[in-house]
There are 2 protein chains.
Amino acid sequence: MDVKTLCLGILTFGDATGYEIRGYFEDGPFSHFFQAGFGSIYPALNKALGEGLVTCRAESQDGRPDKKIYALTPSGREHLTDDLSHVPADDKIRSEFLVTLFFAPYVSPQHLEDVYDLYLADFERNIEKMKNLTGGDIPGGVSGDIPAGQAFVREFGMHFYQSIGEFLRDNRARFIAGVEAGRSPKADPVQGGGA
Amino acid sequence: MDVKTLCLGILTFGDATGYEIRGYFEDGPFSHFFQAGFGSIYPALNKALGEGLVTCRAESQDGRPDKKIYALTPSGREHLTDDLSHVPADDKIRSEFLVTLFFAPYVSPQHLEDVYDLYLADFERNIEKMKNLTGGDIPGGVSGDIPAGQAFVREFGMHFYQSIGEFLRDNRARFIAGVEAGRSPKADPVQGGGA
DNA sequence: TTCGATATATATCAATTCGATATATATAAT
DNA sequence: ATTATATATATCGAATTGATATATATCGAA
């Protein structure tokens with residue numbers, strides 16, 4: 001499953017431009033479980049076009065580059081169902097935040113607290129973002145009557161942010177104290193008040 | 001923050017080969033928040049060697065290729081602390097599982113249940129894996145006295161698997177029923193009992 | 001009012017990462 | 001006897017990331 005397949009899936013909701021497709025990843029319903037930017041979306045659409053999975057019509061605009069509106073072909077729809085019939089690969093998670101905490105002795109106390117609080121703030125922001133993400137925000141979606149799969153994925157995201165956010169709040173003080181207690185004055189990678 | 005930095009971090013626990021480093025990602029303490037395979041680790045070590053961040057000594061073996069044992073240099077340690085002093089990038093998550101659920105109408109009922117149950121089984125397996133992951137399993141780590149940062153990251157992982165696992169179990173029936181209720185007999189992307 | 005930020009829209013490119021494959025042998029399990 | 005797993009390194013094409021380039025319009029702040 002690659003970005004191309006995701007684009008085909010998004011096109012089942014209706015014709016769209018590459019720019020609009022990015023919206024699904026940026027702040028849209030995919031943002032909490034799949035990331036993709038222009039650098040992967042545009043090549044994916046071009047490849048799909050070459051394979052006959054989508055069609056493309058251009059629409060002139062003033063000033064801006066022509067809009068290229070993509071539409072799913074029957075072959076593209078078939079490719080999507082084929083791909084979805086495979087067992088999905090394991091989740092891939094990359095958290096630089098947890099890397100930083102793992103190597104806490106090499107980070108200054110101040111930076112460690114900053115990093116923790118910025119991460120927590122991200123969680124609060126993501127919860128708000130998801131709350132406002134209903135059917136109406138899904139271009140081509142059905143307003144107020146979200147299909148079960150989409151609703152479940154959204155609830156999954158809400159639960160994730162709320163549960164992990166709570167864990168982060170509950171354990172902040174204990175974590176910071178534990179790291180500081182572990183810093184021995186000598187042979188310490190980072191000096192107590194240093195950079 | 002890239003795989004090279006992660007390798008430097010791992011080398012703070014002691015000298016190691018590329019093969020041993022991979023163990024940290026494969027089943028070790030990084031497995032739930034950072035993935036890296038040989039294809040990124042070996043090039044990363046070579047690059048680090050070229051930049052003087054690590055040294056390398058070869059050790060002959062019978063049959064197998066020579067062991068190449070890497071050791072952190074002061075410059076490498078400095079590179080690590082520099083990198084850790086930056087604000088970490090946002091978490092990147094890629095879940096093909098959630099993509100499959102999102103596009104549930106394009107998946108056969110049987111496959112959908114299989115996918116769900118396989119994913120749940122992965123969670124149970126990961127919880128067991130993390131339970132057995134103590135200081136002693138961290139090469140060079142201190143047995144029975146895990147540093148606070150490492151302990152926190154492990155607890156984070158445990159909490160994640162337990163909380164999300166519970167959500168998945170609690171909502172399985174409702175999700176499956178919701179998807180099936182949403183399948184209209186006509187204009188249905190996938191026939192009820194089909195492929 | 002002018003400056004910077006944001007939004008609209010596409011495209012490309014170097015660097016990084018992924019996933020598979022290749023090469024060998026030993027041992028453990030079926 | 002055969003298959004799978006473990007030890008160990010290396011490479012390569014394909015996919016992805018993150019930054020940059022190109023234009024214009026608008027909107028808010030200084």
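The chains referred to below are lettered A, B, ... by the order of the sequence lines, with proteins before strands, and numbering in each begins at 1.
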Cation-pi between Arg22(B) and Tyr19(B): NZ/CZ under 6.0 Å from ring centre and within 45° of the ring axis?
-> yes
Any donor-acceptor N/O pair, Glu96(A) side chain to Asp90(B) backbone, under 3.5 Å = no
Examine distances only and state if a side-chain atom of His111(B) and a backbone atom of Leu84(A) form a donor-acceptor pair shorter than 3.5 Å.
-> yes
Across all strands, who's sitting opposite [N] as a Watson-Crick or G-U wobble pair, both distances under 3.5 Å?
N: dG28(D); value: dC3(C)
N: dT25(C); value: dA6(D)
N: dT16(C); value: dA15(D)

Have Ser85(A) and Asp82(A) got a donor and an acceptor in their side chains that come within less than 3.5 Å?
-> no
d(CD1, Ile93(A); P, dT17(C)) in whole Å = 18 Å
Nucleotides 6-16 of chain D: protein proximity per nucleotide (B base, S sugar-phosphate only, - neither; heavy atom, under 4.0 Å) = SBBBBB---SS
Report yes if a side-chain nitrogen or oxygen of Lys92(B) is closer than 4.0 Å to either non-bridging phosphate oxygen (OP1 or OP2) of dG18(D); otherwise report no.
-> yes
Salt bridge Lys129(B)-Asp27(B), side-chain N to carboxylate O under 4.0 Å | yes
Residues in salt bridge (Lys or Arg N to Asp or Glu O under 4.0 Å) with Glu78(A), at least two apart?
-> none
